[in-house]
Amino acid sequence: MASGSHWAPGRAANSRKTVVVSGIPDGIVKDDVMADILMIHFQKTKNRGGDVKDVVYPTTIKGVAYIIFEDQEVTENVLQKDEHRLEDKRLGRYYPLKISLYSEHVFTCVSSVLDLSIFGDKYILEDLVQELKKTIPALSFSPLQSNGQISVQGSFPAIKTLKDNLLLKANSLSGKGKRGERKPDQRPNIRIQKCGLFVEPNNTFVHNVNRKEQVVVLDTDIYYYMKHFLYKESLAKYNVVSHGVTDGEITTVYLENARASSDSRELERAKEGIEDLSAKLHCRLRKERFSLDGNTRPERQKYKQACESIKSRFPKVLVIPYDTHIDVIGSSSETYEFTQEVNRTVKSHFQKRFRR
């Protein structure tokens with residue numbers, strides 16, 4: 001059974017049985033046919049699938065579907081499969097899919113506003129956009145404006161691929177111009193929007209193209225989790241120095257050799273290692289949020305105290321307190337258990353006060 005695009009899973013059981021699928025080719029077959037193809041794919045044993053309760057396709061995000069399974073164990077099995085290839089004779093070829101656990105708050109959709117005008121000397125911008133559409137079919141592009149700006153929407157991995165693609169092109173612009181003159185640093189102006197949060201550009205997409213460095217674009221939540229729990233796995237084991245520039249829900253990490261004599265391949269290995277780890281975390285992590293808006297000051301304080309007192313029992317859960325909310329990041333099962341325990345603690349506290 002396929003649902004329409006305005007559906008959203010509930011916060012409880014459905015969300016833990018739902019995966020987000022991105023990378024679905026657009027426009028090749030009718031939407032109902034694609035929903036059937038997705039249903040068949042996720043029912044197959046070779047894909048570690050099982051009984052599918054619902055397929056939500058199309059959605060408001062181009063190239064993205066939601067698959068709801070009858071059993072949470074099947075969801076976990078599907079997420080553990082290293083590679084998913086969407087194959088059907090009606091598609092003509094296979095398409096690699098990216099699978100992640102559904103979460104209301106994270107890792108589902110990112111929107112960017114790109115200023116491509118810096119590429120105008122080297123590319124016909126309309127041709128550049130067509131090339132990007134062909135290279136990354138999971139992204140949705142708005143019409144190109146006369147000033148070179150264009151809006152792009154898609155999953156975080158797809159947006160990241162786009163940024164890496166444009167980074168390579170921007171690096172090439174730091175070389176010779178059409179007449180052989182040395183061109184100044186070029187960097188695309190970018191504005192990022194995610195989960196309703198609008199962030200003004202910092203022009204930090206390309207940090208300094210004349211220095212020996214590598215750039216990795218990460219979801220900010222994944223960056224915080226990686227930095228807090230996985231520093232040795234992600235950065236410390238490489239002979240590099242790094243710094244991150246956070247721009248809302250996107251963090252750009254700049255990697256440089258620790259010493260001038262260091263092997264440049266170490267930078268490449270560091271970048272590849274961080275990207276591999278980020279991809280694994282993208283599938284594994286989930287975020288829950290305690291909204292503090294509308295709560296009294298004692299209520300807000302009690303939520304923060306409860307999180308502090310409980311987090312020692314969840315050593316792989318990251319708690320990030322803000323003035324208006326508290327974010328909890330970790331595996332699906334641990335974040336769920338953590339939030340349930342916090343809610344019980346807060347509820348019990350105020351029930352005791354009420355009885356006095």
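No experiment lies behind these values; they were computed from the predicted model shown.
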- Item | 4.5 Å side-chain heavy-atom contact, K17 and D54 | no
- Message: Just verifying a value: how many Å separate D293 CG and R300 CZ, rounded to the nearest 0.5 Å?
- Response: 8.5 Å
- Scan residues 304-320 for pairs that pass salt bridge (charged side-chain N to carboxylate O under 4.0 Å, His left out), counting only residues two or more places apart or in two chains. E308-K311, R313-E341
- Message: Enumerate the salt bridge (charged side-chain N to carboxylate O under 4.0 Å, His left out) contacts for residues 318-329, please, sequence neighbours excluded, ordered by first and then second residue.
- Response: K287-D327, R289-D327
- Ignoring hydrogens and geometry, is there a side-chain-to-backbone donor-acceptor pair from T45 to R48 under 3.5 Å? no
- Query: Can you name the nearest heavy-atom pair linking P58 to D31, along with the distance?
  - Reply: CG-OD2, 3.5 Å
- Item | Candidate pair R286 and V328, rule side-chain contact (heavy atoms from CB on, under 4.5 Å), full reasoning | CA-CA 8 Å; R286 173 189 178 89; V328 181; over 6 Å; no
- Note on the structure: Hits for ring pair (Phe, Tyr, Trp, His ring centres under 6.0 Å) against F141, two or more places apart or cross-chain, chain-then-number order -> none
- To the nearest 0.5 Å, atom CD1 of I274 lies from atom CG of L218 at 7.0 Å
- Query: Can you list every pair that meets salt bridge (charged side-chain N to carboxylate O under 4.0 Å, His left out) and has a residue in residues 80-89, with sequence neighbours left out?
  - Reply: E83-R85, D88-R90
Distance-only check: which donor-acceptor pairs under 3.5 Å involve side-chain atoms of residues 127-135, not counting sequence neighbours?
from : atom 1 : to   : atom 2 : distance (Å)
E131 : OE2    : K169 : NZ     : 3.0
T135 : OG1    : E131 : O      : 2.8

- Message: Let me confirm one number: the CG-CZ distance from D276 to R269, rounded to the nearest 0.5 Å.
- Response: 13.5 Å
- With S146, which residues qualify under side-chain hydrogen bond (donor to acceptor under 3.5 Å, both in side chains), at least two apart? none
- How are the rings of F42 and F69 set relative to one another: parallel (under 30°), tilted (30 to 60°) or perpendicular (over 60°)? perpendicular
- Mind checking whether L116 and L166 have side chains closer than 4.5 Å, heavy atoms only? yes
- Query: Is the shortest heavy-atom distance from the side chain of Y66 to the side chain of V20 under 4.5 Å?
  - Reply: yes
- E73: partners by salt bridge (charged side-chain N to carboxylate O under 4.0 Å, His left out), with sequence neighbours left out: none
- Task: Not counting sequence neighbours, which residues clear ring pair (Phe, Tyr, Trp, His ring centres under 6.0 Å) with Y95? List them please.
- Result: none
- Query: Without hydrogens or angle criteria, can the side chains of T246 and T251 be said to hold a donor-acceptor pair below 3.5 Å?
  - Reply: yes
- Please name all residues satisfying side-chain hydrogen bond (donor to acceptor under 3.5 Å, both in side chains) with H84, sequence neighbours left out, ordered by chain then number. H41
- Task: Can you measure from CG (D26) to CD1 (I24) and round to the nearest 0.5 angstrom?
- Result: 9.5 Å
- E268/K271 salt bridge by N-O under 4.0 Å criterion: no
- Message: Quick one, I67 and K53 - any side-chain contact, counting heavy atoms below 4.5 Å?
- Response: no
- Task: Flag the pair V215 / V253 as yes when at least one side-chain heavy-atom distance between them is below 4.5 Å, and no otherwise.
- Result: no
- Message: If you define the side chain from C-beta out and look only at heavy atoms, does anything of T75 sit under 4.5 Å from V19?
- Response: yes
- Query: Do the non-hydrogen side-chain atoms of F338 and C307 ever get within less than 4.5 Å of each other?
  - Reply: yes
- Contacts of type ring pair (Phe, Tyr, Trp, His ring centres under 6.0 Å), residue H228, not counting sequence neighbours: none
- Query: How far does CG of L318 sit from OH of Y224, to the nearest 0.5 angstrom?
  - Reply: 10.0 Å
- Message: Taking side-chain hydrogen bond (donor to acceptor under 3.5 Å, both in side chains) as the definition, give me every residue that meets it alongside D36, ordered by chain and number, with sequence neighbours left out.
- Response: none
- Task: Apply side-chain contact (heavy atoms from CB on, under 4.5 Å) to the pair V52 and E70, showing each step before the final yes or no.
- Result: CA-CA 6 Å; V52 175; E70 294 283 359; over 6 Å; no
- Could you label the plane-to-plane angle of the F119 and Y123 rings as parallel, tilted or perpendicular, counting under 30° as parallel and over 60° as perpendicular? perpendicular
- Task: Measure the shortest side-chain to side-chain distance between L277 and L230 over non-hydrogen atoms and say whether it is less than 4.5 angstrom.
- Result: yes
- Yes or no on side-chain contact (heavy atoms from CB on, under 4.5 Å) for M226 and S278, after CA distance, side-chain angles and deciding distance? CA-CA 8 Å; M226 189 182 296; S278 172; 4.1 Å; yes
- What distance do L292 atom CG and K302 atom NZ have between them, rounded to the nearest 0.5 Å? 14.0 Å
- Residues G330 and Y225: closest non-hydrogen pair is CA-CE1, 4.2 Å
- Trace of the side-chain contact (heavy atoms from CB on, under 4.5 Å) decision for Y94 with L86: CA-CA 5 Å; Y94 79 83; L86 190 63; over 6 Å; no
- Contacts of Q340 that satisfy side-chain hydrogen bond (donor to acceptor under 3.5 Å, both in side chains) - sequence neighbours left out: none
- Message: When you measure from the side chain of S348 to the backbone of T345, do you find a donor-acceptor pair of N or O atoms at a distance under 3.5 Å?
- Response: no
